[in-house]
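Note that the structure is a prediction, hence the values are computed from the model and not measured. All residue numbers in this chain count up from 1 along the given sequence.
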Amino acid sequence: MCKKILLIILLLAGTHIGLYAERQEQKVVNINLAEAIQKDAKDINLSEIASDIDYIGLETTDDALCGNSYDIRFFEEGIIMGTNRQFFHFDPHGKFLNAIGSKGEGPEEYNIGLLYFLNSPKKRLYAQDFQEVICYSFDGEFIKRIPTPNLNMGDAAIFGNGLIIYSNDTYFSNKNAPYQLFIINEAGKQKKAIKGHIEKGKRYGVILSSRDYIYTFDDETYFKPALENVIYKIDSSSMKKELVYKFECGTKDIDVSSNETELRNRNKSISIYQIHETPMHLFILYGLEKRICLGMYDKQKESFSNVRIVDDLSGGIDFVPAGKCCSGYLQMVYFPSEFKKRKASNRFSLPEKRKQFEHVLQLDEEDNPVVVVVKLKGF
């Protein structure tokens, strides 16, 4: 009798484990980019996903000029503009406040500029240099240098617990220890190294068609590797990666030895450029050869399609999410001249925001970029 009871318990346990494993597998969302890229975009109204829009022209001064290379990030207390020369701090209305650090070889300067990540609650900017991260306050005060010996031109971010994660985008050059992700504390002490994906027999070189991409959503950190069409969630406690999204690319999946090392074959595979996640959607900017698409995955409907987001809030140009910003918002960045070139919708439900758009059309073409910020519904 006892043996029968034990057998039933074991069978039930096995069934439970099987169901749990199945539920774990169901967490991975599959998105078919190979199928979607062949289809036209469908129109959706900006009002379907956002409740408000603002046009923030960044003040143009002799001390704060944007070049051709820039990375602009909106957060509720202000805006940071990174260029290949310097970092600039603006208030939420675009007024220039101060520069942050400077380019040079001094102990408080950076060699590269442009690449950075933020800890906005603590008002800190981390400038990425080769094998170092340099920390500044938003006021421009130098705080410290943090050793990051495996950081080249990869992406980086900071966890809520203060740990820093960064990627080594040449990890594949060391076949004996191909570590791609590194987690360190603010003193530079390594807490964890995570191996990257290596395909046997592949010939690796400089990766140009896509890059490592790290983003934060709902206080969690996510990683899209350059050489894999997947998104991992990186747990800050266990320091392990968990597969959450998988992109089906069919015959157009990345083939490093063919697509990256031979110039004529570059961009022949589907490349993912940027990712923007919200509670309701996952926006994916991706492309193949000369075709660029904005895809939207609807989490409730579990559906994916290419979209064109028509601005029916201010009657401006189509909205294309670009660049990283704080939770609850999406942003788009253009120079004033771009707004004049693109067709506006002229359908608007917020007259005061229509005036903002019309003001942008009057700006000088040489002025600094305009940050278009939309507030998502539910925030």
Got more than 12 heavy atoms from elsewhere within 6.0 Å of CD, Q300? no
Can E132 and K144 be counted as an ion pair, charged N to O under 4.0 angstrom? no
So, F87 versus Y136, ring centres under 6.0 angstrom or not? no
Decide whether a cation-pi geometry holds between K224 and Y213; the criteria are a distance under 6.0 Å from NZ or CZ to the six-membered ring centre and an angle within 45° of the ring axis. no
Quick one: do the Q190 and Y179 side chains pair a donor with an acceptor below 3.5 Å? no
Could you check whether the rings of F304 and Y286 sit parallel, tilted or perpendicular, using 30° and 60° as the cut-offs? tilted
So, are K355 and E358 salt-bridged, with charged N and O less than 4.0 Å apart? no
Donor-acceptor side-chain pairing of D312 and S47 below 3.5 angstrom: yes
Just checking, any donor-acceptor pair under 3.5 angstrom between side chains of D155 and S167? no
Less than 4.5 Å apart, side chain to side chain, heavy atoms only: is that true for I44 and M296? yes
With sequence neighbours left out, the residues meeting ring pair (Phe, Tyr, Trp, His ring centres under 6.0 Å) with F348 are none
Answer with yes or no after comparing the ring centroid distance for Y70 and F335 against a 6.0 Å cut-off, counting only values under it. yes
Between the side chains of D54 and K375, is the shortest nitrogen-to-carboxylate-oxygen separation below 4.0 Å, so that they form an ion pair? no
Going by ring pair (Phe, Tyr, Trp, His ring centres under 6.0 Å), name the residues that satisfy it together with F159, two or more places apart in sequence or in a different chain. none
Lys NZ or Arg CZ of R73 over Y116 ring: under 6.0 Å, within 45°: yes
Considering residues at least two apart in sequence or located in another chain, which fulfil the salt bridge (charged side-chain N to carboxylate O under 4.0 Å, His left out) criterion with D129? none
Around K240, counting heavy atoms of other residues, nucleotides and ligands shown, do more than 12 lie under 6.0 Å from its NZ? no
Taking salt bridge (charged side-chain N to carboxylate O under 4.0 Å, His left out) as the test, write out the residues that go with E59, two or more places apart. none
Quick check: is I31 connected to I275 through a chain of hydrophobic side chains (ILVMFWY, heavy atoms under 4.5 Å apart)? yes
Consider only side-chain heavy atoms of I, L, V, M, F, W and Y, link residues closer than 4.5 Å, and tell whether L58 and F88 are in one cluster. yes
M81-I100 co-clustered via ILVMFWY side chain contacts under 4.5 Å: no
Over all atoms of both residues, closest heavy-atom pair of I56 and P92: CD1-O, 3.3 Å
Give a yes or no on this: more than 12 heavy atoms of other residues, nucleotides or ligands lie within 6.0 Å of atom NZ of K377. yes
Please check if any side-chain donor atom of E76 sits under 3.5 Å from a side-chain acceptor atom of Y329, or the reverse. yes
Same cluster (ILVMFWY, side-chain, under 4.5 Å), F217 and Y297: yes
Got more than 12 heavy atoms from elsewhere within 6.0 Å of NZ, K340? yes
Side chains of Q131 and T148, donor plus acceptor under 3.5 Å: no
Report, as yes or no, whether the 6.0 Å neighbourhood of atom NZ on K103 holds more than 12 heavy atoms from other residues, nucleotides or ligands. yes
Should the pair R124-E186 be classified as a salt bridge under the 4.0 Å nitrogen-to-oxygen rule? yes
Apply ring pair (Phe, Tyr, Trp, His ring centres under 6.0 Å) to F75 and list each qualifying residue two or more places apart in sequence or on a separate chain. F138
Distance, nearest 0.5 Å, that separates CD of Q180 from NZ of K241: 6.0 Å
Can you confirm whether the side chains of E242 and Y222 place a donor and an acceptor under 3.5 Å from each other? no
According to a 4.5 Å side-chain heavy-atom criterion applied to Ile, Leu, Val, Met, Phe, Trp and Tyr, with indirect links allowed, do L313 and L376 form part of one hydrophobic cluster? yes
Quick check on K95: does its NZ atom have over 12 non-hydrogen neighbours (other residues, nucleotides or ligands) under 6.0 Å away? no
Around D40, counting heavy atoms of other residues, nucleotides and ligands shown, do more than 12 lie under 6.0 Å from its CG? no
Atom NE2 of H359 with >12 non-hydrogen neighbours under 6.0 angstrom: no
Side chains of D253 and N229: is there a donor and an acceptor less than 3.5 Å apart? yes
F90: partners by ring pair (Phe, Tyr, Trp, His ring centres under 6.0 Å), with sequence neighbours left out: F96
Between the side chains of D139 and N98, is a donor N or O closer than 3.5 angstrom to an acceptor N or O? no
